[in-house]
There are 2 protein chains.
Amino acid sequence: MNIGEIARRAGVSRSTVSYALSGKRPVSDETRAKIQRVIDELGYRPNASARALANGRTSTIGLVFPPAGNHYTGMQLDFIGSVVEAAAAYDYDVLLSPSGVDSDRSFQRLLGERRVDGAILMEIRLEDDRVDHLAALDFPSVAIGRTAHPENGWWVGLDHTALVEACVHHLADLGHRRVAFVNRPEQLLRAGYESAHRGLDGFTKAAAERGLTVRTYCCGDDAASGQACLERILHDDPATTALVTLNEAALGGLYRGLAQAGRHVPRDFSVTGVVAGRWAETVTPQLTAADVPAEEMGRRAVDLLVERLDHPDASPRHHLLAPPISLRASTGPVLGTF
Amino acid sequence: MNIGEIARRAGVSRSTVSYALSGKRPVSDETRAKIQRVIDELGYRPNASARALANGRTSTIGLVFPPAGNHYTGMQLDFIGSVVEAAAAYDYDVLLSPSGVDSDRSFQRLLGERRVDGAILMEIRLEDDRVDHLAALDFPSVAIGRTAHPENGWWVGLDHTALVEACVHHLADLGHRRVAFVNRPEQLLRAGYESAHRGLDGFTKAAAERGLTVRTYCCGDDAASGQACLERILHDDPATTALVTLNEAALGGLYRGLAQAGRHVPRDFSVTGVVAGRWAETVTPQLTAADVPAEEMGRRAVDLLVERLDHPDASPRHHLLAPPISLRASTGPVLGTF
DNA sequence: ACCGGTCGTCGAACCGGTTCGGTGAAGTGA
DNA sequence: TCACTTCACCGAACCGGTTCGACGACCGGT
């Protein structure tokens, strides 16, 4: 069941079997056929650990994301799915690693023990010790998201600032003057999560440009928090007519809060934000949103990583995406404005 | 950066370093301290591939699920998250493998190349070639779901039959007489997906017991399909007053279809089904449902797998779960019945 | 008949760990 | 003083692949 057994049965040496399989040196047609016959007969497949040891590559990439206490969002699911699928196309396996910081045990396993050839990082923070650590080691990695200093990095990011700005302008164009912003949970904002910060920046900036009256909120990643958050919004300023959210998991709760407050969407209240398209379509009315192209982002991250693995000296590349707003049914003009 | 380097710097042999680390043979305190100092200084961590090759274990488990063309459901996400977290607690990594059948390339990588010590299978079919294949090889694995012949297997399953029966009885108790069943997509039913079949069985059986008039539907795993399915239901029998669904991803679309048909939930129409609790709470009104304990199932699957890995001769164990229905807000009595 | 080159194959070393058998030094008892 | 343990460590073999250098067989050219 190992290469020596194959060699013995085929009457050749181990190295010949290896060359027949890899094609790195010529082997006569006759010998190759004999070897192939034995391999097929026994269903032999070379041991991955031995191969990894010998040539220093594991053909595995690590997908690193913080342990969220099982509060994964739909967007993260889409990332994971697309990364796995794209990696499979390049003959890479994907090792999942729940890891918060670089001193993390799980992180050390991946890197220190050389379980993976490269890594894809999710849930990036503006100051991210994992990114810094990997950069210092020159370890092949690609971030889904970008830090505050993205110049010399490999990443595929989303222009949250521009996307949220677009959402605000869209609402302002519709006549909304009092708008709320529903962000990711407060601990994530404090931890410096990129999307939370850049989104907030974009919101603040665009709201100032348009002279809107705004309030900003942090909200837990679940429906109950969304509902509570909406109640707070209407309590703080009952004249609020619209909100922008980055918080996909809270969306259902926000909608419920509006329904219970008797506000009809979009007639009495407009909702928009930055959400993966597939999930924007599950709510009623369907969410007008900047659709996060999660599938594309995952795929591109893998493309970049593979390129980096194949060309260790290539200079950093990245993609900054800014998809347009998809107009669906959750926003409308303020009543009496037109 | 390898064990030889550590040995040289500490002035001992490679085997002594190995024993100092593993503790499998006594090492003097003095020597151990010296070795530890060198290790800390250099930040040494033993190479995982070499270790795997030497002791025949990779400390990795495979998580196998069919490639869904990125149509992963929230429930699958919960499974993945809980498996990763539970595995980390046992010091196992998780390798993700999108794989449909046992002849699959990805499946062959996992098993044939010995990349993993054991596997957890998701999305089980009643006749599942992957399960049979693994059983024939006596390869350590645990299924999340059970085949038609689950007697001698390792699995953690959900009693879909009983759960759907409970849903039907709940509706019948409320006075509903014309009920629809919304199943997973037709190709999954045809492929023999366990939940689709057992759920359907439970529905048919309970409906017969209660003398209900029923129709059953297959529905794609997305919101648009859910909406279309609901339109079909009301077109086929406008007198339908309730539905039971297994299809989590279609739920939002079903609700939208009802809203657009002017049917208020739960006043005019009741909705229930089998859905992971976290997702049942995102819709409004919140879904009365048999909550799939995805987190518990993932955790238990890992527990079983680790037990099987530690005790190769242990006899098969399994868990069949049947959580009670969580009464929320999506079901109610038929108007005029009481 | 001899030389040089090409082709196909082999043996040995190596990747970085683990583990078995053995060995020298120190300790114990008669 | 000597035989017998025990202790702490070492060297070598092994896990299952890959790869390098070498070597014999065969070929064509003089």
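Everything quoted here is computed from the prediction, not taken from an experiment. Order of the sequence lines sets the chain letters (A, B, ...), proteins ahead of strands, with each chain counted from 1. Reckoned from all heavy atoms, side chains included, excluding hydrogens, waters and symmetry mates.
For the side chain to side chain donor-acceptor pair (under 3.5 Å) test, residues two or more places apart in sequence or in another chain that qualify with A/Thr31 are A/Ser28. Partners of A/Trp155 according to the ring pair (Phe, Tyr, Trp, His ring centres under 6.0 Å) rule, which considers only residues two or more places apart in sequence or in another chain, are A/His318. Among residues two or more places apart in sequence or in another chain, the salt bridge (charged side-chain N to carboxylate O under 4.0 Å, His left out) test is passed with B/Arg8 by B/Glu5. For A/Tyr19, there are no side chain to side chain donor-acceptor pair (under 3.5 Å) partners, not counting sequence neighbours.
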Verify salt bridge (charged side-chain N to carboxylate O under 4.0 Å, His left out) between A/Glu295 and A/Arg299, making sure each step is shown before the conclusion.
CA-CA 6 Å; A/Glu295 196 274 334; A/Arg299 189 164 35 76; 3.6 Å; yes
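To the nearest angstrom, P of D/dG16 lies 5 Å from CG of A/Asn2. The nearest whole Å value for the distance from the CZ atom in A/Arg51 to the C1' atom in D/dC15 is 16 Å. Atom CZ of B/Arg114 and atom C1' of D/dG17 are 15 Å apart (whole Å). If you take CZ of A/Arg57 and P of D/dG17, they are 17 Å apart, rounded to a whole angstrom. Across the protein-nucleic acid pair, A/Met1 atom CE and D/dG16 atom C1' stand 13 Å apart, rounded to whole Å. Regarding B/Leu53, its CG atom lies at a distance of 9 Å from the C1' atom of C/dC15, rounded to whole Å. One can place CG of A/Asn55 at 12 Å from P of C/dG16, the figure rounded to the nearest angstrom. Atom-to-atom, CD of B/Glu5 to P of C/dC15 comes out at 12 Å; the value is rounded to the nearest Å.
For residues 24-45 of chain A, proximity to DNA chain C is found at A/Arg25, A/Pro26, A/Val27, A/Ser28, A/Thr31, defined as any non-hydrogen atom under 4.0 angstrom from a strand atom.
In terms of position along DNA chain C, the nucleotide closest to B/Ser49 lies nearer the 5' end than the nucleotide closest to the other residue of the pair B/Ser22 and B/Ser49. Ranked by how close their nearest DNA chain D nucleotide is to the 5' end, B/Ala54 and A/Val17 are led by B/Ala54.
Contact check, B/Thr16 against D/dC10: a side-chain N or O comes under 4.0 Å of OP1 or OP2. Contact annotation: B/Asn47 does not reach the phosphate of C/dG16 (side-chain N/O to OP1 or OP2, under 4.0 Å).
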Under 3.5 Å, side-chain donor or acceptor atoms of residues 306-313 of chain B against the rest of the protein: list the pairs with distances, not counting sequence neighbours.
unit_1	atom_1	unit_2	atom_2	d
B/Glu307	OE1	B/Arg317	NH1	2.6
B/Glu307	OE2	B/Arg317	NH1	3.1
B/Arg308	NH1	B/Ser141	O	2.8
B/His311	ND1	B/Glu307	O	3.3

Donor-acceptor list for residues 58-66 of chain B side chains, cut-off 3.5 Å, not counting sequence neighbours:
unit_1	atom_1	unit_2	atom_2	d
B/Thr58	OG1	B/Thr60	N	3.3
B/Thr58	OG1	B/Arg115	O	3.2
B/Thr58	OG1	B/Asp117	N	3.4
B/Thr58	OG1	B/Asp117	OD1	3.0
B/Thr60	OG1	B/Thr58	O	3.1

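The ring pair (Phe, Tyr, Trp, His ring centres under 6.0 Å) pairs that include a residue from residues 135-154 of chain A number zero, where partners must be two or more places apart or lie in different chains. For residues 38-54 of chain A, the set of pairs meeting the salt bridge (Lys or Arg N to Asp or Glu O under 4.0 Å) definition, not counting sequence neighbours, comprises A/Arg45-B/Glu113.
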Kindly give the atom pairs (protein nitrogen or oxygen, nucleotide nitrogen or oxygen) under 3.5 Å for nucleotides 25-27 of chain D.
none

Using a cutoff of under 3.5 Å, can you pull out all pairs of nitrogen or oxygen atoms linking the protein to nucleotides 11-13 of chain C, with atom names and distances?
unit_1	atom_1	unit_2	atom_2	d
C/dG11	O6	A/Ser15	OG	3.1

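Ion pairing of A/Asp303 with A/Arg300 is absent here, as no side-chain N (NZ or NE/NH1/NH2) approaches a carboxylate O to less than 4.0 Å. Residues B/Asp91 and A/Arg105 are paired through a salt bridge, judged by an N-O separation under 4.0 Å between the basic side chain and the carboxylate.
A side-chain donor-acceptor contact under 3.5 Å links A/Asp128 to the backbone of A/Arg125. A donor-acceptor contact shorter than 3.5 Å is absent between the side chain of B/Arg109 and the backbone of B/Ser97.
The 12-atom threshold is exceeded at CZ of B/Arg32, counting heavy atoms of other residues, nucleotides or ligands nearer than 6.0 Å.
Each end of the helix from C/dA1-D/dT30 to C/dA30-D/dT1 gets its own axis, taken as the rotation carrying the C1' atoms of four end pairs onto the next four within a five-pair window, and the two axes meet at 60° to the nearest 10 degrees.
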